Amino acid sequence: MTLRIALVGAGSVARRHVGVLHGLGGARVVSVTDAHRPAAEALAAELDVPCFTDPDQALDAVDADAVYVCVPPFAHGPAELAALERGKALFVEKPVGLGLDVAERIGRRVEETGVVTGTGYHWRCLDTAVLARDLLAEAPPLLANGYWLDKRPPVPWWGRTDRSGGQVVEQLTHVLDTARFLLGEAVEVYAAGVRGTPDGTSPDAGDVDDATAATVRFRSGAVATLAATSALAVKHRAALHTVSRGLVLELAEDGLTAFWPAERTEHAPAEDPRIAVDREFLEAVRGEREATRVPYGEALRTHRLACAIAQSARTGQAVALEERG
């Protein structure tokens, strides 16, 4: 069975998914939709498929089994709702929204329709992340330190909080999702951000914080510190480290290192998680697996944590996270 994929978004992330989907076999993109018509036309021409600027028009014109939504944070909503209205399986790249309003609405519709969903939190597809969780089951974590220390992406919308949501929402979210996977649900956050240089000037356009630091308390009793910056010239680190009695773990996308009292072990991923996340979604759509590792509802819980940190950094007040299903 070859699954027919309607692609919404024609940027670099969408192109990466196209390459993976076609490389895996058993799926092909049958339409491209992007609000920026030249981008849609360019990718559609390469794939020899029709292009659109409106997801409703695309899904009415071309039959599809699933919809991939690969759009910037501010553009989420129309494509997801169009897919859900038609009962289509849905893959949504992270973050799942700019703030919470649209994402919560989509989450409710996902529950009502019961369609298969997947999201772009591909770190969960790391077998090294699963190994880390197994190790922590024997040595519960007390402390975690998470990092996303990077440069600014070149796209113009990224520097505006009303378009990207800021670095915590747009980038650190991968580390937040991994922290939830390893430490459980967060219950309270406090964060602070800084914008500009010590003399009060800023070298970059936009209004996102250049650095953010957060403290997070988890229901398990563990605590974490999380740091993000976009002030560097090149990416330096994206990782989550945990500390347990007698065990330190350092987990990143490219591997896991475990430090024991008398030894150190290193583990490389068995599969590229960016491939695994698409493969597992296709398997779920075909009914070959019960669900993806991070369906929409799970991604929404991570997004709530990211938004809570962003809110705390903005207001200077601690934010408690509600207990929800």
Side-chain angles (χ1 to χ4, degrees), residues 4-23 27-86 88-99 101-103 105-106 109 117-122 150-167 169-171 173-174 204-208 230 274 277-278 281 296 299 303:
R4 297 164 58 86
I5 307 296
L7 180 67
V8 181
S12 59
V13 173
R15 285 175 172 272
R16 171 169 58 79
H17 281 292
V18 170
V20 172
L21 290 168
H22 288 185
R28 64 186 180 93
V29 172
V30 295
S31 68
V32 176
T33 302
D34 197 294
H36 184 55
R37 179 173 286 278
E41 290 176 341
L43 181 54
E46 293 175 25
L47 300 174
D48 193 23
V49 299
C51 72
F52 304 87
T53 57
D54 178 80
D56 281 295
Q57 292 178 356
L59 294 178
D60 286 341
V62 181
D63 185 38
D65 301 298
V67 179
Y68 262 69
V69 180
C70 306
V71 298
F74 65 87
H76 283 286
E80 291 94 330
L81 294 171
L84 293 169
E85 181 181 335
R86 293 162 177 79
K88 304 297 184 182
L90 178 64
F91 184 98
V92 182
E93 255 301 343
K94 54 82 345 227
V96 294
L98 182 66
D101 290 347
V102 170
R105 180 183 175 194
I106 294 169
R109 287 294 293 138
T117 60
T119 58
Y121 286 100
H122 60 268
D150 206 344
K151 63 184 184 301
R152 279 195 173 208
V155 289
W157 52 262
W158 197 89
R160 296 174 50 184
T161 55
D162 65 347
R163 308 295 274 175
S164 69
Q167 188 181 16
V169 169
E170 213 283 319
Q171 286 183 329
T173 187
H174 276 302
D204 298 308
D207 64 348
V208 299
S230 58
R274 295 172 188 264
V277 74
D278 283 342
F281 176 70
Y296 194 91
H303 189 57

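All values below were derived from every heavy atom in this structure, side-chain atoms included, with hydrogens, water molecules and symmetry-related copies excluded. Note that the structure is predicted; figures quoted are calculated from it, not measured.
A side chain to side chain contact (heavy atoms under 4.5 Å, CB included) with Val8 holds for exactly one of Val92, Val71, Leu59; it is Val71.
By the side-chain hydrogen bond (donor to acceptor under 3.5 Å, both in side chains) test, Thr173 is found to be paired with Tyr121, residues two or more places apart in sequence or in another chain being considered. Partners of Arg37 under the salt bridge (Lys or Arg N to Asp or Glu O under 4.0 Å) rule, at least two apart in sequence or in another chain, are Glu41. In this structure, the side chain to side chain contact (heavy atoms under 4.5 Å, CB included) partners of Arg105, at least two apart in sequence or on a different chain, are Leu81, Arg108. With sequence neighbours left out, Asp54 forms a side-chain hydrogen bond (donor to acceptor under 3.5 Å, both in side chains) with no residue at all. Scored by the salt bridge (Lys or Arg N to Asp or Glu O under 4.0 Å) test, Arg163 finds no partners at all (sequence neighbours excluded). Take Glu93 and apply the salt bridge (Lys or Arg N to Asp or Glu O under 4.0 Å) test, not counting sequence neighbours, and it matches Arg16. Applying the side-chain hydrogen bond (donor to acceptor under 3.5 Å, both in side chains) test to Gln57 and every residue at least two apart in sequence or in another chain returns nothing. With sequence neighbours excluded, no residue satisfies side-chain hydrogen bond (donor to acceptor under 3.5 Å, both in side chains) with Ser164. With sequence neighbours left out, the side chain to side chain contact (heavy atoms under 4.5 Å, CB included) criterion links Ala40 to Val32, Asp34, Cys51. Checked against side chain to side chain contact (heavy atoms under 4.5 Å, CB included), Pro78 has the following partners two or more places apart in sequence or in another chain: Pro55. Every salt bridge (Lys or Arg N to Asp or Glu O under 4.0 Å) that Asp162 has, sequence neighbours left out, goes to Arg160.
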Pair Asp65-Arg28, salt bridge (Lys or Arg N to Asp or Glu O under 4.0 Å): steps then yes or no: CA-CA 10 Å; Asp65 301 298; Arg28 64 186 180 93; over 6 Å; no

Stepwise salt bridge (Lys or Arg N to Asp or Glu O under 4.0 Å) test for Arg15 and Glu46: CA-CA 11 Å; Arg15 285 175 172 272; Glu46 293 175 25; 2.9 Å; yes

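Here the closest heavy-atom approach between residue Ala299 and residue Val96 is recorded as CB-CG1, 4.0 Å. Between Pro153 and Gln171, the shortest heavy-atom contact is CG-NE2, 3.7 Å. What you find for Leu98 and Gly165 is that their closest heavy atoms are CD1-N, 3.3 Å. Taking all atoms of both residues into account, the shortest heavy-atom contact from Gly166 to Val208 is CA-CG1, 3.9 Å. Here the shortest heavy-atom pairing between Ile106 and Gly77 reads CD1-CA, 3.9 Å.
The shortest distance between side-chain heavy atoms of Arg274 and Val20 does not fall below 4.5 Å. Side-chain contact between Thr119 and Lys94: absent, with no pair of heavy atoms (C-beta onward) separated by less than 4.5 Å. Using a 4.5 Å cut-off on side-chain heavy atoms (C-beta onward), Thr33 and Leu7 make no contact. Inter-residue side-chain proximity for Arg109 and Tyr296 is flagged as unmet; no heavy-atom pair is nearer than 4.5 Å. Trp158 places a side-chain heavy atom less than 4.5 Å from the side chain of Ser230.
In this model, a donor atom of one side chain and an acceptor atom of the other lie less than 3.5 Å apart for Asp207 and Thr161.
A donor-acceptor pair under 3.5 Å is formed between the side chain of His76 and the backbone N or O of Pro95. Counting only distance, with no hydrogens or angles, the side chain of His303 and the backbone of Val169 share no donor-acceptor pair below 3.5 Å.
Pairs of residues two or more places apart, or lying in two chains, that qualify as ring pair (Phe, Tyr, Trp, His ring centres under 6.0 Å) and include a residue from residues 51-72 are His17-Tyr68, Tyr68-Phe91, Tyr68-Phe281.
Note that CD1 of Ile5 and CG of Leu47 are 12.5 Å apart. Values are rounded to the nearest 0.5 Å. To the nearest 0.5 Å, atoms NE2 (His36) and OG1 (Thr53) are separated by 12.0 Å.
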